[in-house]
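Have a look at the structure below before the remarks.
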Amino acid sequence: MDLLTLLQLLDSTLRLATPLLLACLAGLFSERAGIFDIGLEGKMLASAFLSAAIAFTTGSVWIGLLAGVGASLLLSAIHGVASITFRGNQLISGVAINFLAAGLTVVIAQSWFAEGGRTPQLAGAARFNPITLPFANELRDVPVLGPIYYELISGHTALVYVALLIVPLSWWVLYSTRFGLRLRAVGENPAAVDTAGISVIGLRFTAVAICGVLCGLAGAYLATALQAGFTKDMSAGRGYIALAALIFAKWKPWPCLWATLLFGFLQALALRPDLITSTLGFSVQTQLLDALPYILTVVILAGFVGKAIPPRAGGEPYIKER
Amino acid sequence: MDVMPKWADVVLIPVISLVLAAALSAIVILAIGESPWEALKIMVQGALGSTYGWGYTLYYATNFVFTGLAVAIAFHARMFNIGGEGQAALGGLGVALVCLYIPWPHWSLALLGATAGAALFGAAWAIIPAVLQAKRGSHIVITTIMFNFIAAAFLNYLLVGALKPAGSMEPATGKFPDATFLPSFQDMFSTADNPLFRGAPANVTFFVAIAACVVIWALIWRTRLGYELRAFGHSETAAKYAGISPTKIIVISMAISGALAGMMAINNVMGEAERLVLNAVEGAGFIGIAVALMGRSHPFGVFLAAILFGFLYQGGAELALWTSIPRELIVVIQALVILFTGALDNMVRMPLERIFLARRRKAARATTLTAAE
């Protein structure tokens with residue numbers, strides 16, 4: 001494999017890892033606050049649809065992005081009301097949200113655009129277009145570093161860079177701010193936070209809202225940057241892979257980046273079976289590559305390779321009266 | 001003390017949840033410019049208006065009885081088996097292997113063999129997450145989700161590879177031998193001058209599903225294992241104190257759950273398709289969640305809820321045929337049912353409890369007043 005092919009592979013790794021990363025960080029905030037969220041998939045899907053639909057109607061991808069985040073936030077609100085206010089089962093609520101999004105997006109898309117449950121193709125300003133970083137063209141001919149800069153680092157859409165910036169931001173928020181300390185505490189021992197006079201409900205709703213915003217970005221990226229428009233079930237299990245990555249990363253921000261890059265790399269490899277054959281000398285079934293993130297997660301969860309311990313109060317509704 | 005009488009818990013709450021889900025669905029139908037009343041008429045006519053419609057409704061219901069029971073029995077041990085989809089897929093593999101590679105003399109024997117194969121494969125797929133939960137503490141919900149995807153990839157691998165007949169382009173097994181074909185309702189109930197259920201896929205598996213309901217009911221409420229299972233579900237620490245092994249209960253309840261989900265395959269793979277195709281489960285494993293919640297985890301409730309969802313499925317297909325409402329509307333209704341009967345249960349329950357409490361206080365006051373006089 002030559003340098004250029006490798007760079008192309010890593011380039012598509014980055015592109016495919018971005019939605020996983022955003023969704024994974026979304027889950028990070030929610031689960032660190034003690035709210036399990038298996039509805040990442042549904043929120044991404046809802047945002048993918050509405051961002052594409054609004055971007056197509058208005059011609060502006062930024063308005064589309066806002067709408068997508070709005071759709072995701074709405075589902076987050078349902079999850080919050082069900083699991084925080086009414087102390088319902090968070091897992092069941094997540095399942096309901098996934099189905100709600102899977103059904104509603106197609107029903108609405110069909111009645112809105114009548115194209116079999118998809119939005120029309122997006123073009124021009126209705127999409128996120130690649131950004132060429134400064135000097136990328138000029139430095140292109142510099143050996144080794146030039147191609148790396150031009151092929152791999154430059155030429156992505158804005159949301160890729162945003163996603164990468166959110167990693168240190170999340171790390172800073174969670175570990176260096178008062179809000180982050182409280183948010184982590186509410187996921188471990190909500191009673192202690194309550195005793196300190198801080199609202200458990202408020203904190204958890206904030207966390208769920210942050211989760212909604214990040215899932216919204218992930219969904220909008222799918223429909224307006226990675227693809228050009230919404231298609232039925234386009235999230236294709238990415239919400240679950242993000243969930244797997246979150247466990248793989250043991251609920252920490254930087255490992256979230258590495259885990260999603262790894263899973264993104266597996267997805268990129270699955271698209272290029274010819275590369276595996278030519279490099280390794282034997283072919284690897286694409287189904288194995290598809291299943292690998294899930295198998296790795298099961299292995300990690302089972303504690304065979306380091307123990308993944310979830311936030312202690314995760315999944316438990318907080319009852320104040322006791 | 002229970003605030004509400006039992007009938008309110010068992011009947012009133014599911015009915016109110018259903019009405020809420022139906023009302024919201026009606027709003028969705030209105031919003032996309034169709035008439036909810038017309039839609040309901042088409043659904044009732046299409047799903048219940050003919051033996052053909054009933055044949056489809058009961059076919060879908062059979063699937064949902066199995067997956068619903070699977071989720072329900074796990075609920076009794078306070079476990080959430082979200083892996084019905086993968087277990088049913090593996091059950092399909094079990095059925096396909098049994099039907100393809102064993103020369104059966106008669107369908108009744110083939111049915112027994114296929115049931116065993118389906119249950120075994122489904123149970124095996126559920127036991128791994130169960131053991132990981134019991135021994136290693138990995139969360140069963142996450143592991144079963146992962147196992148759904150692993151199952152999908154595994155079947156995909158087999159169906160484009162080893163199980164595909166030579167020369168075929170389609171990712172599916174070959175047709176099962178004729179001796180394994182299960183009698184459909186058409187074969188069983190039609191007479192020469194009165195054809196019934198013509199072309200509908202409902203088959204003898206429906207009666208297996210009814211038998212499964214009875215067996216599971218007896219298992220939960222009439223056996224020692226069922227008692228242990230429910231005790232574990234109510235309080236793990238109390239059950240442990242009473243000498244009930246958590247590992248045993250987790251593994252056995254999940255094995256039964258997986259076996260039930262796997263048994264769905266005798267209906268869709270053996271009874272309907274008569275071969276194993278890609279993605280044969282078509283989401284029925286997830287509908288089991290809605291069915292179990294709606295049916296309050298009671299086999300009879302599961303049976304009724306499965307019929308309801310069978311009606312929704314067949315009605316939804318008719319809707320897609322005759323109106324511009326896509327089939328996915330059913331997914332929306334399903335989501336709303338899960339939301340209201342599962343996650344937002346307290347939203348329905350709390351106001352009701354308040355009403356019953358107020359009524360009871362009033363009654364108590366009335367009796368004290370009469371006693372004073």
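Note that the coordinates shown come from a computational prediction; the quantities given were computed from them, not determined experimentally. Every chain is numbered from 1, with letters handed out A, B, ... down the list of sequences.
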Given I289(B), V28(B), L329(B), I142(B), the one with more heavy-atom pairs under 4.5 angstrom with chain A than any other is I142(B)
Heaviest contributor of heavy-atom pairs below 4.5 Å to chain A, chosen from V337(B), V331(B), D345(B), is V331(B)
So, the part of F80(B) with a heavy atom under 4.5 Å from chain A: the answer is side chain
| query | Do the side-chain N and O atoms of E282(B) and N63(B) include a donor-acceptor pair separated by under 3.5 angstrom? | reply | no
So, the part of I78(A) with a heavy atom under 4.5 Å from chain B: the answer is side chain
For residues 68-78 of chain B, tabulate all N or O donor-acceptor pairs below 3.5 Å that involve a side-chain atom, not counting sequence neighbours.
{"unit_1": "H76(B)", "atom_1": "NE2", "unit_2": "S297(B)", "atom_2": "O", "d": "2.8"}
{"unit_1": "R78(B)", "atom_1": "NE", "unit_2": "G233(B)", "atom_2": "O", "d": "3.1"}
{"unit_1": "R78(B)", "atom_1": "NH2", "unit_2": "G233(B)", "atom_2": "O", "d": "3.4"}

So, the part of L293(B) with a heavy atom under 4.5 Å from chain A: the answer is side chain
_Is it true that S324(B) and E34(B) share a donor-acceptor pair across their side chains at a distance under 3.5 Å?_
yes
Okay, side chain of H79(A), backbone of F36(A): is any donor-acceptor separation there less than 3.5 Å?
yes
**Asked** Which is it for W112(A) and F56(A) under the side-chain contact (heavy atoms from CB on, under 4.5 Å) test, yes or no, and what are the steps along the way?
**Response** CA-CA 12 Å; W112(A) 192 341; F56(A) 176 77; over 6 Å; no
Note: vs chain A, highest number of non-hydrogen pairs under 4.5 angstrom among I128(B), L339(B), N156(B) is N156(B)
Interface check, chain B: of G117(A), A82(A), G94(A), A114(A), most non-hydrogen pairs under 4.5 Å belong to A82(A)
Most heavy-atom pairs under 4.5 Å with chain B, out of L292(A), N89(A), V106(A), belong to V106(A)
The interface call for I330(B) against chain A, heavy-atom contacts under 4.5 Å, is neither
Max heavy-atom pairs within cutoff under 4.5 Å with chain B, candidates L288(A), L91(A), D290(A), T297(A), goes to L91(A)
So, the part of F147(B) with a heavy atom under 4.5 Å from chain A: the answer is side chain
Distance col, row I29(B):CD1 vs S111(A):OG, nearest 0.5 angstrom, shows 12.0 Å
Turns out that what part of L132(B) lies under 4.5 Å from chain A's heavy atoms comes down to side chain
*Angle class for the Y294(A)/F149(B) ring planes (parallel below 30°, perpendicular above 60°, tilted otherwise)?*
parallel
In short, A130(B) meets M254(B) closest at the heavy-atom pair CB-CB, 3.5 Å
